[in-house]
Undergrad: 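Dropping a structure here in structure tokens format, bear with me for questions.
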Number of protein chains: 2
Amino acid sequence: MSATVGKIAQKGSKKPRYQELAEDLRAEILSGEYPDPTQFPTESALCARYGVSRFTVREALRSLQTEGLIQRRRGSGTVIQPASARGGALHQPLSNVGEILQYARDSKYLFTPMGKALLPKKFAVHIGEVASGRWHHFRGLRVRQGQSGPIALTDAYIHPDLEAAASQIKPNEDTIFRQIERLSGIRIARVTQDIQAVPASSTVAAELGVPRRSPCLRILRCYLDATGRILEISASHHPGDRFAYTMHIEVEG
Amino acid sequence: MSATVGKIAQKGSKKPRYQELAEDLRAEILSGEYPDPTQFPTESALCARYGVSRFTVREALRSLQTEGLIQRRRGSGTVIQPASARGGALHQPLSNVGEILQYARDSKYLFTPMGKALLPKKFAVHIGEVASGRWHHFRGLRVRQGQSGPIALTDAYIHPDLEAAASQIKPNEDTIFRQIERLSGIRIARVTQDIQAVPASSTVAAELGVPRRSPCLRILRCYLDATGRILEISASHHPGDRFAYTMHIEVEG
DNA sequence: TAGTGGTCTAGACCACATT
DNA sequence: ATGTGGTCTAGACCACTAA
């Protein structure tokens with residue numbers, strides 16, 4: 001656990017060095033290894049400590065920066081972003097990375113299979129595709145510990161080509177897309193998000209326990225593989241008063 | 001206009017090479033220079049064409065990728081993302097870059113000074129600060145050509161320390177934050193965004209021309225300088241049925 | 001097998017902030 | 001004057017895709 005003599009194991013893992021390094025530093029930051037936010041190591045210090053080049057260090061720090069964990073300034077150095085600036089109680093933490101895909105920190109996700117169905121028109125229009133065939137449909141609720149009502153209702157549809165994998169998906173084991181990855185062997189490479197404010201439909205209202213037509217944040221997601229094929233498409237409805245989407249942007253130049 | 005013998009002027013500009021290169025390529029893509037999306041140049045081709053190293057090329061392509069303009073795959077190459085996947089008619093383009101700050105492609109922004117006032121409680125709570133003093137207040141409407149109603153109502157507050165600059169801001173010249181940058185000499189380095197669904201208040205409803213309590217996308221922005229000081233804070237309300245926020249995420253690894 | 005993009009090194013110069 | 005992070009070069013090896 002002591003982190004002064006860091007060493008990045010490269011054993012069987014195929015992960016690039018800068019990712020291992022990023023995970024290492026992320027863990028340190030979150031565990032409060034640096035009580036003084038301004039005492040975060042410099043690039044050259046990290047190079048020496050881990051025995052890697054500056055490229056590797058900078059690539060790792062770039063990740064942490066887009067997550068809003070650190071902030072960097074030419075001439076001054078790197079400082080850790082105070083937790084207060086990383087999102088409040090109501091706020092869904094991050095981020096620009098694939099971490100959106102595992103935002104299950106202090107929340108649980110329960111879903112049930114809903115059989116197969118044609119893709120609803122709203123989706124079909126959105127992706128501008130023939131979208132033929134019957135898609136496996138799951139519906140889930142995300143609940144956060146110590147909070148009164150659920151923070152999300154999600155309807156997910158799996159592409160017909162993945163029927164073999166979809167039929168083996170088990171509720172309450174892992175997120176849907178990760179089970180798909182494991183069962184089909186296909187990796188999700190890109191996600192597009194579409195955020196909009198909509199009134200709660202009757203089903204959304206009932207499931208979330210909010211008044212009908214009350215404002216909801218609807219996040220439409222397309223999960224794509226490396227070749228651009230759509231693997232999964234989902235719509236999440238979040239109650240307006242229990243959920244906010246937070247992000248950080250660094251201005252270039 | 002011919003782009004086969006690209007050359008990046010580095011004259012008086014202080015912009016890094018990779019940014020100039022990114023702008024160059026972005027313009028080419030958007031102007032339809034590559035009818036076949038798969039015929040986008042390879043890294044080595046761009047290195048040769050612009051006489052720069054691979055680092056510079058990759059840094060430029062990284063920008064275009066996070067904007068969702070191109071897609072890259074090891075072994076295959078770089079392809080241009082079809083316009084259909086870059087956001088539809090209703091969709092506010094992007095992105096993760098500082099382009100959020102200039103999303104005035106086909107829209108106009110009209111605002112009027114509202115004098116000075118204490119920071120409303122909602123903001124003060126959000127930034128967790130004493131937030132004393134009187135902040136300069138502007139209110140503006142963003143309208144899109146060929147669209148019936150406005151797509152945003154924005155309330156912006158300028159920090160009391162920037163009063164000298166704020167009092168010189170002129171409506172209908174440029175965005176507020178860019179005028180602040182010019183008038184005060186301070187550069188905006190970071191922006192945090194907080195997206196939530198809220199019901200339209202009476203003023204929001206009146207200004208946007210939507211029913212009271214109808215769902216709106218509220219984007220709370222903090223504009224910070226390099227040292228983390230808050231320069232401006234704003235709340236934008238977008239009608240739920242006229243606006244969507246689109247973003248692209250690449251999964252790392 | 002040839003060529004692509006992804007990772008990584010070891011240097012260099014610079015703008016900038018702090019001292 | 002020193003040290004920081006930002007930019008940039010010229011190499012290298014690799015995993016992967018496609019011919």
Side-chain angles (χ1 to χ4, degrees), chain A residues 8 10 12-23 25 37-48 50-66 70-80 98 185-187 189-190 225-229 250-253, chain B residues 8 10 12-23 25 37-48 50-66 70-80 98 185-187 189-190 225-229 250-253:
Chain A
I8 302 179
Q10 188 70 7
S13 76
K14 293 178 171 54
K15 238 178 264 184
R17 278 217 175 84
Y18 70 87
Q19 267 184 45
E20 307 254 18
L21 179 49
E23 289 167 15
L25 295 172
T38 69
Q39 280 181 351
F40 193 83
T42 65
E43 290 185 357
S44 54
L46 291 172
C47 289
Y50 290 95
V52 297
S53 77
R54 231 183 123 199
F55 169 87
T56 305
V57 166
R58 285 179 62 77
E59 211 61 23
L61 294 184
R62 192 199 291 251
S63 298
L64 302 184
Q65 185 169 24
T66 65
I70 60 173
Q71 181 186 347
R72 326 195 62 210
R73 205 146 65 93
R74 171 165 29 191
S76 335
T78 300
V79 298
I80 298 178
I186 301 177
R187 295 285 317 280
R190 274 166 56 237
D225 73 359
T227 69
R229 286 188 309 170
E250 303 290 328
V251 176
E252 54 195 49
Chain B
I8 302 179
Q10 188 69 5
S13 77
K14 293 179 170 53
K15 236 179 266 183
R17 281 219 175 82
Y18 71 87
Q19 267 185 44
E20 307 253 19
L21 178 49
E23 288 167 15
L25 295 173
T38 69
Q39 279 181 351
F40 193 82
T42 66
E43 289 185 358
S44 54
L46 290 172
C47 289
Y50 289 95
V52 297
S53 78
R54 233 184 122 199
F55 169 88
T56 305
V57 166
R58 285 180 61 78
E59 211 59 24
L61 294 183
R62 194 199 292 250
S63 299
L64 302 184
Q65 186 170 23
T66 65
I70 61 173
Q71 182 185 347
R72 325 194 64 209
R73 205 145 65 93
R74 169 160 38 187
S76 340
T78 299
V79 297
I80 298 178
I186 302 178
R187 294 284 318 278
R190 274 166 56 238
D225 73 358
T227 69
R229 285 188 310 169
E250 303 289 327
V251 176
E252 55 195 47

Undergrad: Could you report the tightest heavy-atom contact between Ala60(B) and Ala22(B), atom names first, then the distance?
TA: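 Nearest pair, atom of Ala60(B) first, then Ala22(B): CB-N, 3.8 Å.
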
Undergrad: Let me know the distance between CZ of Phe55(A) and P of dG11(D), rounded to the nearest Å.
TA: 18 Å

Undergrad: Any carboxylate oxygen within less than 4.0 angstrom of a Lys/Arg side-chain nitrogen, looking at Glu43(B) and Arg54(B)?
TA: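 A salt bridge is present here (some side-chain N lies under 4.0 Å from a carboxylate O).
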
Undergrad: Do the side chain of Arg54(B) and the base of dG6(C) come within less than 3.5 angstrom through a donor-acceptor pair of N or O atoms?
TA: yes

Undergrad: What's the separation between atom CG in Leu64(A) and atom CD in Glu23(A), rounded to the nearest 0.5 Å?
TA: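 Answer rounded to 0.5 Å: 10.0 Å.
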
Undergrad: Take atom CZ of Phe40(B) and atom C1' of dG3(C), then tell me their distance rounded to the nearest Å.
TA: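 My rounded result for the distance is 17 Å.
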
Undergrad: With a 4.0 Å cutoff (strictly under), does any side-chain N or O of Arg72(B) reach OP1 or OP2 of dT4(C)?
TA: no

Undergrad: Which nucleotide wins on minimum distance to the side chain of Arg74(B), given the candidates dG5(C), dT4(D), dT7(D)?
TA: dG5(C)

Undergrad: Nearest whole angstrom, please: distance from the P of dC14(D) to the CD of Glu43(B).
TA: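 The distance from CD of Glu43(B) to P of dC14(D) comes to 18 Å, rounded to the nearest Å.
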
Undergrad: Which distance, rounded to the nearest 0.5 Å, do you find between the CD1 of Ile70(A) and the CD of Gln65(A)?
TA: 6.0 Å

Undergrad: Measure CG/Leu61(A) against C1'/dC8(C) and give the value in whole Å, please.
TA: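 Distance, rounded to whole Å: 15 Å.
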
Undergrad: To the nearest Å, give me how far apart CD (Gln39(A)) and P (dT4(D)) are.
TA: 14 Å

Undergrad: Could you check how far CZ of Arg73(A) sits from C1' of dA15(C), rounded to whole Å?
TA: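 Between C1' of dA15(C) and CZ of Arg73(A): 13 Å.
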
Undergrad: Within the structure, does a side-chain N or O atom of Arg58(A) lie under 4.0 Å from either OP1 or OP2 of dG5(D)?
TA: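 Negative; the distance criterion is not met.
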
Undergrad: Take atom CD of Glu59(B) and atom P of dC8(D), then tell me their distance rounded to the nearest Å.
TA: 9 Å

Undergrad: Between Gly75(A) and Thr56(A), name the one whose nearest nucleotide on DNA chain C is closer to the 5' end.
TA: Thr56(A)

Undergrad: Are OP1 or OP2 of dC8(D) and a side-chain N or O of Tyr18(B) less than 4.0 angstrom apart?
TA: no

Undergrad: dG5(C) phosphate, OP1 or OP2: any side-chain N/O from Ser76(B) under 4.0 angstrom?
TA: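 No, no such contact exists.
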
Undergrad: Find the distance Arg62(B):CZ to dG6(D):P and express it as a whole number of Å.
TA: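 It works out to 13 Å between those atoms.
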
Undergrad: Do Leu61(B) and Leu46(B) have side chains that approach each other closer than 4.5 Å (heavy atoms only, starting at C-beta)?
TA: yes

Undergrad: OP1, OP2 of dC8(D) versus side-chain N and O of Ser53(B): anything below 4.0 Å?
TA: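 For dC8(D), neither OP1 nor OP2 has a side-chain N or O of Ser53(B) closer than 4.0 Å.
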
